[in-house]
Amino acid sequence: MRFLTLALVAVACVAAPARSDELTGTLKKIKETGIITLGYRESSVPFSYLDDKQQPVGFALDICRKIVDAVKTELKLEKLDVKLNPVTSATRIPLLANGTVDLECGSTTNNLDRQKQVAYTNTHFLTATRLVTKKSANIKSLDDLKGKTIVSTAGTTNIKQMNELNTAKKLGMTILSGKDHAESFLMVETDRAVAFAMDDILLASLVASSKDPAAFEISKDALSPAEPYGIMLPKNDPAFKKVADEATAAFYKSDGPALFKKWFQQPIPPKGLNLNFALSPQLEKMLSSPKDSPDPAAY
Amino acid sequence: MEDRKRRGHPMKYNWNWGVFWEASPEGTGTYGELLIAGLGWTIVTALCAWILALAIGTTVGVMRTLPSKWANILAACWVELFRNIPILVQLFVWFYVVPELLPKAWGTAIKQMPNAAFVTAVVGLGFATSARVAEQVRAGIQSLPAGQAMAASALGLTLPQAYRHVLLPRAFRVVLPPLTSEFLNLIKNTSVGLTIGLLELTARARSMQEYSAQVFEAFTAATLLYLLLNVVVVSAVRALERRVAIPGQVGT
């Protein structure tokens with residue numbers, strides 16, 4: 001009996017460090033619980049949103065599911081449960097930091113301030129700030145906005161850029177701040193503001209789902225360099241990031257254009273809208289040579 | 001030990017309490033100044049809305065105790081309308097719906113008013129709170145012994161004089177504590193103004209966490225500022241209660 005106890009202790013001493021060498025952080029947690037949790041947004045069309053059956057779907061979720069498959073293979077699991085957890089722009093970082101969600105699948109800009117809290121896998125989209133206006137307002141360039149009222153969403157990099165442009169070019173615009181994209185767009189619809197400055201892809205989906213899409217136009221000129229969107233994962237977890245990076249890189253190269261077509265150029269749920277968003281050469285390059293850099297100049 | 005480490009997930013959060021002294025990207029100063037500016041809007045909005053709420057609430061509350069049946073019905077409608085609709089919905093209606101219902105020129109004038117969000121928030125919150133103030137005032141008046149009104153009229157006071165010199169001064173003393181709660185609620189309700197673009201304290205905390213990614217610091221600071229503001233209000237009202245107290249009366 002005593003010998004048996006000693007033997008067990010000895011085995012435990014040898015086995016324990018060996019196991020923790022193999023797996024750390026998120027991968028270890030997933031292996032032990034058999035669950036991976038994806039964070040999703042409720043209305044970031046077409047990246048991450050709820051369809052007519054209240055199920056999260058979207059471009060970013062499809063990518064996340066590929067990462068889940070890679071994690072399952074990496075950990076040699078027979079079964080891996082996927083839990084879905086809604087996040088908002090205010091909760092996504094805390095929920096990732098405290099381990100409630102393992103991957104945030106949405107439309108989060110990859111920048112250096114956020115990298116103090118989280119890490120990003122390969123960029124899945126590039127977006128620039130553009131303006132949406134009513135065609136009847138006849139706004140062709142930034143100069144047409146002199147002295148006018150415009151809107152952007154509170155707390156976005158876009159509103160920051162508009163403030164900078166306003167001061168630098170002495171445009172004398174009044175800049176309102178909307179609570180979320182839907183309310184900012186409503187301010188243009190109800191003529192409280194002549195233009196809404198936002199990420200072009202979000203504007204495309206707002207226009208496509210509006211009552212009268214033909215009444216609006218999105219400016220040709222971009223007001224900012226293209227910013228990268230990335231899927232967030234916990235900071236300081238190189239093993240997990242490696243699995244995610246390899247899975248996304250392989251997926252973007254093989255199926256990236258097809259996936260892009262599915263969400264940006266074909267009817268999507270719930271109402272069968274088609275965003276008709278072109279695959280620019282820049283986006284094509286992003287898919288063929290995947291990167292996780294927060295620097296717009298890298299793309 | 002090993003077991004506990006494995007189950008517990010360490011919080012991966014980079015605390016930075018120095019963030020309040022860092023420059024905010026809006027270019028108007030530090031993050032701390034951003035929040036203080038928000039606190040300023042919260043205070044101004046709450047005070048303006050409170051003045052409106054007290055003025056309308058007192059009138060409507062008095063109407064509910066008048067002998068006139070029509071005054072009663074009108075006042076009851078006001079109260080039920082404004083206290084039974086969520087404040088979020090009321091602000092949305094004032095901001096987005098009402099200007100569309102008005103003649104086009106008026107609607108456009110309202111929409112292009114400078115500080116439209118502030119004015120709308122004051123009106124919306126003031127009206128919503130007035131319904132609650134009216135109920136407090138009515139309760140205060142009805143809590144007084146019936147003999148008070150009779151004595152006033154026996155002294156030869158007209159009805160307005162009886163309210164002005166006898167009923168209201170006593171009723172307000174009775175309802176001062178619940179009115180304080182209403183004011184504290186109003187201060188917190190100003191945060192609903194962010195839905196129509198009012199850049200008050202909560203809106204600034206949300207902006208700050210979006211820019212800096214320091215979520216917990218931003219909301220902790222906002223929480224402490226609300227707490228501080230409410231403590232100041234409570235202390236001020238306590239002092240007021242002591243000053244206006246009539247020795248030996250209820251509610252003192």
Side-chain angles (χ1 to χ4, degrees), chain A residues 12 16-17 19-20 25-26 28-29 32-33 88-100 102 109 111-119 148-149 151 153-157 159-161 163-164 166-167 174-180 183-184 186-187 189-193 234-237, chain B residues 1-3 5-16 19 22 24-28 34 88 91-92 95-100 104 107-108 110-117 120 192-200 202-216 218-219:
Chain A
R19 254 178 57 192
S20 60
T26 309
K28 183 169 170 178
K29 189 187 81 178
E32 276 158 14
T33 56
T88 67
S89 61
T91 62
R92 56 193 172 186
I93 288 178
L95 290 178
L96 199 69
N98 73 12
T100 306
D102 301 315
T109 302
N111 64 33
L112 285 173
D113 275 324
R114 291 189 181 137
Q115 289 211 0
K116 284 186 272 176
Q117 309 295 359
V118 296
K148 299 267 168 65
T149 301
V151 62
T153 305
T156 56
T157 46
I159 201 167
K160 175 183 129 195
Q161 286 159 0
N163 276 313
E164 287 164 1
N166 201 15
T167 327
T174 307
I175 301 175
L176 301 179
S177 96
K179 175 190 61 135
D180 53 32
E183 299 236 352
S184 299
L186 190 58
M187 291 209 194
E189 266 187 315
T190 57
D191 298 316
R192 277 190 178 266
K235 195 175 159 67
N236 298 331
D237 197 341
Chain B
M1 187 59 197
E2 170 72 11
D3 225 46
K5 253 199 292 186
R6 199 179 301 150
R7 251 184 276 132
H9 185 93
M11 177 95 160
K12 288 186 177 177
Y13 187 78
N14 218 334
W15 291 93
N16 175 15
V19 69
E22 288 172 15
S24 90
E26 283 183 1
T28 48
L34 189 78
L88 192 69
L91 279 194
F92 190 89
F95 196 71
Y96 288 110
V97 183
V98 171
E100 303 301 318
K104 195 153 172 63
T108 312
I110 289 178
K111 286 185 219 168
Q112 281 162 2
M113 191 164 54
N115 287 325
T120 312
V192 179
L194 74 89
T195 59
I196 55 169
L198 180 68
L199 291 172
E200 46 65 65
T202 307
R204 301 286 174 132
R206 282 164 50 127
S207 294
M208 177 178 163
Q209 67 89 11
E210 285 284 342
Y211 291 139
S212 67
Q214 305 296 143
V215 188
F216 295 119
F219 285 111

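All chains are named by letter (A, B, ...) in the order of the sequence lines, taking the proteins before the strands, and each is independently numbered beginning at 1. Computation of the quantities below employed the complete heavy-atom set of this structure, encompassing side-chain atoms and omitting hydrogens, waters and symmetry-equivalent molecules. All of these numbers come straight from a predicted model, not from anything done at the bench.
With a 4.5 angstrom heavy-atom cutoff, A:T174 does not touch chain B via any of its atoms. For B:T195, the parts lying near chain A are the backbone and the side chain together; criterion is any non-hydrogen pair under 4.5 Å. For A:T149, no part lies near chain B; criterion is any non-hydrogen pair under 4.5 Å. Heavy-atom distances place no part of B:P114 under 4.5 Å from chain A, backbone and side chain included. Within the 4.5 angstrom heavy-atom criterion, only backbone atoms of A:T156 (N, CA, C, O) approach chain B. For B:I196, the part sitting under 4.5 Å from any heavy atom of chain A is the backbone (N, CA, C, O) and nothing else. For B:L199, the part lying under 4.5 angstrom from a heavy atom of chain A is the side chain only. Heavy-atom distances place no part of A:L176 under 4.5 Å from chain B, backbone and side chain included.
There is a side-chain donor-acceptor pair under 3.5 Å between A:S89 and B:E210.
One N or O on the side chain of A:R192 and one on the backbone of B:F95 form a donor-acceptor pair closer than 3.5 Å. Counting only distance, with no hydrogens or angles, the side chain of A:K235 and the backbone of B:K12 share no donor-acceptor pair below 3.5 Å. Listed for the A:Q117 side chain is a donor-acceptor partner under 3.5 Å among the backbone atoms of B:N14.
Considering only residues two or more places apart in sequence or on other chains, B:F92 meets the ring-ring contact (aromatic ring centres under 6.0 Å, His included) condition with B:Y96. Residues passing the side-chain contact (heavy atoms from CB on, under 4.5 Å) test with A:E164, sequence neighbours excluded: A:K160.
Rounding to the nearest 0.5 Å gives a distance of 10.0 Å between CZ of B:F216 and CD1 of A:I93. Here the CE-NZ distance, from A:M187 to B:K111, works out to 12.0 Å after rounding to the nearest 0.5 Å. Remark: B:L194 CG to A:E183 CD distance equals 9.0 Å, nearest 0.5 Å.
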